[in-house]
Structure formats: structure tokens, C-alpha cells
Amino acid sequence: QVQLVESGGGLVQTGGSLRLSCTASGRAASGYKMAWFRQAPGKEREFVAAISWSGDSTYYADSVKGRSTISRDNAKNTVYVQIDSLKLEDTAVYYCAASSAGSLARASTSSAWRYWGQGTQVTVSS
């Protein structure tokens with residue numbers, strides 16, 4: 001069993017940056033691939049980014065590609081996502097997800113992820 005706790009959300013202006021953190025407990029996160037999803041009001045949960053257990057492979061949604069970086073520190077059982085050049089449409093609850101190590105082939109699919117955090121709110125204002 002893995003417990004995931006997100007942090008780092010808040011209110012940010014357009015054009016700004018934020019970095020979210022997700023710390024895993026229960027089992028060492030180094031054995032799991034990790035991902036970030038988000039859900040805006042009235043919309044379905046959507047994929048943001050994913051990272052392999054080693055950190056060597058990453059995968060991004062088109063909506064954040066080029067302005068986002070996912071990384072991990074297995075010594076701290078923590079995964080991060082930084083999003084730059086924030087837009088109003090980045091406003092959402094951001095969720096961390098984890099699953100047993102494997103390829104990122106289905107990373108953008110919610111059902112591919114076994115463990116989920118409670119989410120952290122990010123609000124981008126103009």
C-alpha cells in the first residue's frame with residue numbers, strides 16, 4: 001500500500017510558475033512510476049506528466065509540454081512537477097498517482113494508476 005500526499009498548490013498569477021510535490025509513504029516510492037493528473041471544475045481528470053521509477057523516462061501532455069518538468073528524488077520518496085508560464089486553464093486540482101514499475105505506455109490513462117493522492121488546488125488568476 002502506498003499513501004500519497006501532495007503539496008505546493010495555491011494561488012498564482014498568469015505567467016508565473018509553481019512546483020508541486022508529492023511524497024509517498026507506506027512503501028518506498030523508488031519502486032513505482034509516478035504521475036500527475038489534474039481536474040478542472042466540470043471537466044474530466046486529465047493527464048499532466050509521468051516519470052519512470054528510475055527517472056530516466058518522462059512523458060508529458062501536450063497541454064504542458066515545453067513548459068513543465070517532472071522529476072523525482074527517490075531518497076525522499078518524492079516526485080515533483082514544475083509548470084512555468086502558467087495559464088488560466090491550468091487552474092485545477094492536481095493529483096499525484098503511483099503504480100508498480102513498468103513502461104509509461106499507458107501513462108495518460110487514469111485506470112493505469114493504482115494509488116492516488118487527495119489532490120492540491122492550483123488557481124491561476126490574471
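Note that the structure is predicted; figures quoted are calculated from it, not measured.
- Annotation for Tyr80: hydrophobic cluster partners, listed by chain and number, are none (ILVMFWY side-chain heavy atoms under 4.5 Å, direct or chained).
- Rounding to the nearest 0.5 Å places CG of Leu11 at 4.5 Å from OG of Ser125.
- Phe47 belongs to a hydrophobic cluster with Phe37, Tyr59, Val93, Tyr95, Leu104, Trp113, Trp116, counting contacts under 4.5 Å between side-chain heavy atoms of Ile, Leu, Val, Met, Phe, Trp and Tyr, direct or through other members.
- Expressed to the nearest 0.5 Å, how far OG of Ser99 lies from NZ of Lys33 amounts to 5.0 Å.
- Residues Thr23 and Thr78 bring a donor and an acceptor atom of their side chains to less than 3.5 Å of each other.
- Among residue pairs with one or both ends in residues 42-53, those qualifying as salt bridge (Lys or Arg N to Asp or Glu O under 4.0 Å) are Arg38-Glu46; sequence neighbours excluded.
- Shown here for Ala24 and Leu4, the closest heavy-atom pair between the two residues is CB-CD2, 3.7 Å.
- Every residue meeting the side-chain contact (heavy atoms from CB on, under 4.5 Å) condition with Val122, not counting sequence neighbours, appears here in chain and number order: Leu18, Leu20, Tyr94, Val124.
- Rounding to the nearest 0.5 angstrom, the gap separating the OG1 atom in Thr58 from the CZ atom in Arg72 is 12.0 Å.
- Residue pairs meeting the side-chain hydrogen bond (donor to acceptor under 3.5 Å, both in side chains) criterion with at least one member in residues 4-22, sequence neighbours excluded, are Ser17-Asp84.
- Note: Gln82 CD to Ile70 CD1 = 12.5 Å, rounded to the nearest 0.5 Å.
- With sequence neighbours excluded, the residues forming a side-chain contact (heavy atoms from CB on, under 4.5 Å) with Thr69 are Tyr60, listed by chain and number.
- With hydrogens and angles disregarded, a donor-acceptor distance shorter than 3.5 Å links the side chain of Asn74 to the backbone of Trp53.
- Between Lys87 and Asp90, none of the side-chain N atoms (NZ, or NE/NH1/NH2) sits under 4.0 Å from a carboxylate O, so this pair counts as no salt bridge.
- Here the OG1-CG distance, from Thr123 to Leu86, works out to 11.0 Å after rounding to the nearest 0.5 Å.
- Put simply, OG on Ser25 and CD on Gln1 are 10.0 Å apart, with the number rounded to the nearest 0.5 Å.
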